[in-house]
Amino acid sequence: MAQMRMRNTKGSNATEIEKKIKRGNALRQGSAWRGYRGLVPWLLVALCLCGVAMWLYINPLDSDITETLVHQGELVSPHPRVYTVRCSEDYENYKRYPGCTPQKCGRAVTDSVVTREEAQVLRRLAEKGLALAGSEGGASILDLHSGALSMGKQFVNIYRYFGDQIRDAFTQEDFQLYRINSTAAKTQHDEYWHPHIDKETYGSFDYTSLLYLSDYGYDFTGGRFVFMDQNGNRTVEPRTGRVSFFSSGSENLHRVEKVTWGTRYAITVSFSCDPAHAISDPTLP
């Protein structure tokens, strides 16, 4: 009987100990869960903040934009997308050339003039040429017609300054190339984002076109072209090989957003109706 009682006592103690162990484990698990549960809201807040920061990084806000005429992901082909605007009186201040001076004004976008492959070739040429020098600010300019190339805070003539090196970078078919990045402006030439009218700035311009050599949202952020209309601002998002063209008067007041990340490459080609302002294609020395 004594042995039996002893065994019963041991069994009872073992049961109590097991209950205590289970109770302790349950308390620890509950405490851990309460700790994790307290962290969950903070983790969600952190994830939301990271998401917002990333979205702003990729898509910088421009509260002035009221309409996107063409998105980067769209393919405008084979027909251009045309937007008609009323001509300004700017052209009346200059000699008119019948059949050339704008009588109908507007803006248009197409992705069917230059292929992405052709645009990428031009970009490689731009990168090679601009590697010779470049601006200390955000906008580096290379004009193959005049030979002007940004170098520090000034311009040099690439044909005289670099001599034979030019033949390794360019061919006869190359023309005006621009590179813009997010570096802080150092000179007035770097401040590309100011609103302006091509006809007022240059006088000889009647039509302006832009050929983009990089993709908005992939190669750079910011840097969208913005038409500043009285009833709102309208943007064109750059896409490699995309051509945007427009009449150069004040009916197409425009600016470019500041580039916030990456490098924006584009070719600007202007057209004049005045033969006195015609420029022949550049030739290598």
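What you see is a predicted model, and the numbers here were worked out from it, not measured in a lab.
Ring geometry for Phe205 against Tyr202 counts as parallel: the plane angle stays under 30°, on a 0 to 90° scale with 60° as the upper cut.
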Please test Lys95 against Asp274 for side chain to side chain contact (heavy atoms under 4.5 Å, CB included), starting from the C-alpha separation and ending with a verdict.
CA-CA 8 Å; Lys95 182 179 178 180; Asp274 187 350; over 6 Å; no
Please step through salt bridge (charged side-chain N to carboxylate O under 4.0 Å, His left out) for the pair Arg234 and Asp229, ending with a clear verdict.
CA-CA 7 Å; Arg234 295 167 173 82; Asp229 300 327; 3.0 Å; yes
Side chain to side chain contact (heavy atoms under 4.5 Å, CB included), that's the test. Do Tyr212 and Val243 meet it? Break it down for me.
CA-CA 7 Å; Tyr212 295 108; Val243 175; over 6 Å; no
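A distance of 9.5 Å separates OG1 in Thr221 from CD in Glu257, rounded to the nearest 0.5 Å. In this structure, CD in Glu117 is found 12.0 Å from CG in Leu122, a value given to the nearest 0.5 Å. Residue Ile141 holds its CD1 atom at 9.0 Å from OG1 of Thr268, rounded to the nearest 0.5 Å. Of the inter-residue distances, the one linking Leu149 atom CG with Asn157 atom CG reads 9.5 Å to the nearest 0.5 angstrom. Separating the CD1 atom in Ile197 from the CE atom in Met228 is a distance of 10.0 Å, to the nearest 0.5 Å. Distance CZ/Arg224 to OG1/Thr235: 5.0 Å, rounded to 0.5 Å.
Residues Val114 and Leu75 fall into different hydrophobic clusters, defined by Ile, Leu, Val, Met, Phe, Trp and Tyr side chains chained together at heavy-atom separations under 4.5 Å. Val269 and Leu213 end up in the same hydrophobic cluster when Ile, Leu, Val, Met, Phe, Trp and Tyr side chains are linked at under 4.5 Å. Hydrophobic clustering (ILVMFWY, side-chain heavy atoms < 4.5 Å, transitive): Val82 and Val76 are in distinct clusters.
Between Tyr218 and Phe220, the ring centre distance reaches or exceeds 6.0 Å. The aromatic ring centroids of Phe246 and His254 lie less than 6.0 Å from each other.
In terms of heavy-atom proximity, Cys87 sits nearest to Lys104 at SG-C, 3.6 Å. What you find for Val236 and Pro238 is that their closest heavy atoms are O-CD, 3.5 Å. For the residue pair Glu74 and Leu69, the shortest heavy atom distance occurs at OE2-O, 4.4 Å.
Contacts classified as salt bridge (Lys or Arg N to Asp or Glu O under 4.0 Å) and involving residues 201-215 (residues at least two apart or in different chains) are given here: Arg116-Asp215, Lys199-Asp206. The ring pair (Phe, Tyr, Trp, His ring centres under 6.0 Å) pairs that include a residue from residues 81-106 number zero, where partners must be two or more places apart or lie in different chains.
In this structure, the side chain of Ser214 engages the main chain of Tyr265 through a donor-acceptor pair within 3.5 Å. Side chain of Thr110 to main chain of Ser112: a donor-acceptor pair is present (N/O by atom type, distance under 3.5 Å, no hydrogens or angles). Between the side chain of Thr115 and the backbone N or O of Glu118, at least one donor-acceptor pair lies under 3.5 Å.
Residues Asp219 and Arg123 form a side-chain contact, since some pair of their non-hydrogen atoms from C-beta on lies under 4.5 Å apart. Side-chain contact check for Tyr207 versus Cys273: some heavy-atom pair is nearer than 4.5 Å.
Taking Val85 as the reference, Cys105, Arg107, Glu251, Asn252 meet the side-chain contact (heavy atoms from CB on, under 4.5 Å) condition, with sequence neighbours excluded. For the side-chain contact (heavy atoms from CB on, under 4.5 Å) test, residues two or more places apart in sequence or in another chain that qualify with Ser204 are Ser272, His277. With sequence neighbours excluded, no residue forms a side-chain contact (heavy atoms from CB on, under 4.5 Å) with Asn93. With sequence neighbours left out, Gln103 forms a side-chain contact (heavy atoms from CB on, under 4.5 Å) with Arg96.
A salt bridge is absent between Arg242 and Glu237: the closest approach of a Lys/Arg side-chain nitrogen to an acidic carboxylate oxygen does not fall below 4.0 angstrom.
The number of heavy-atom neighbours closer than 6.0 Å to CD of Glu92, taken from other residues, nucleotides and ligands shown, is above 12.
The closest side-chain donor-acceptor pair between Ser250 and Asp90 falls under 3.5 angstrom. Side-chain contact of Thr208 with Ser270: a donor-acceptor pair under 3.5 Å is absent, judged by distance alone.
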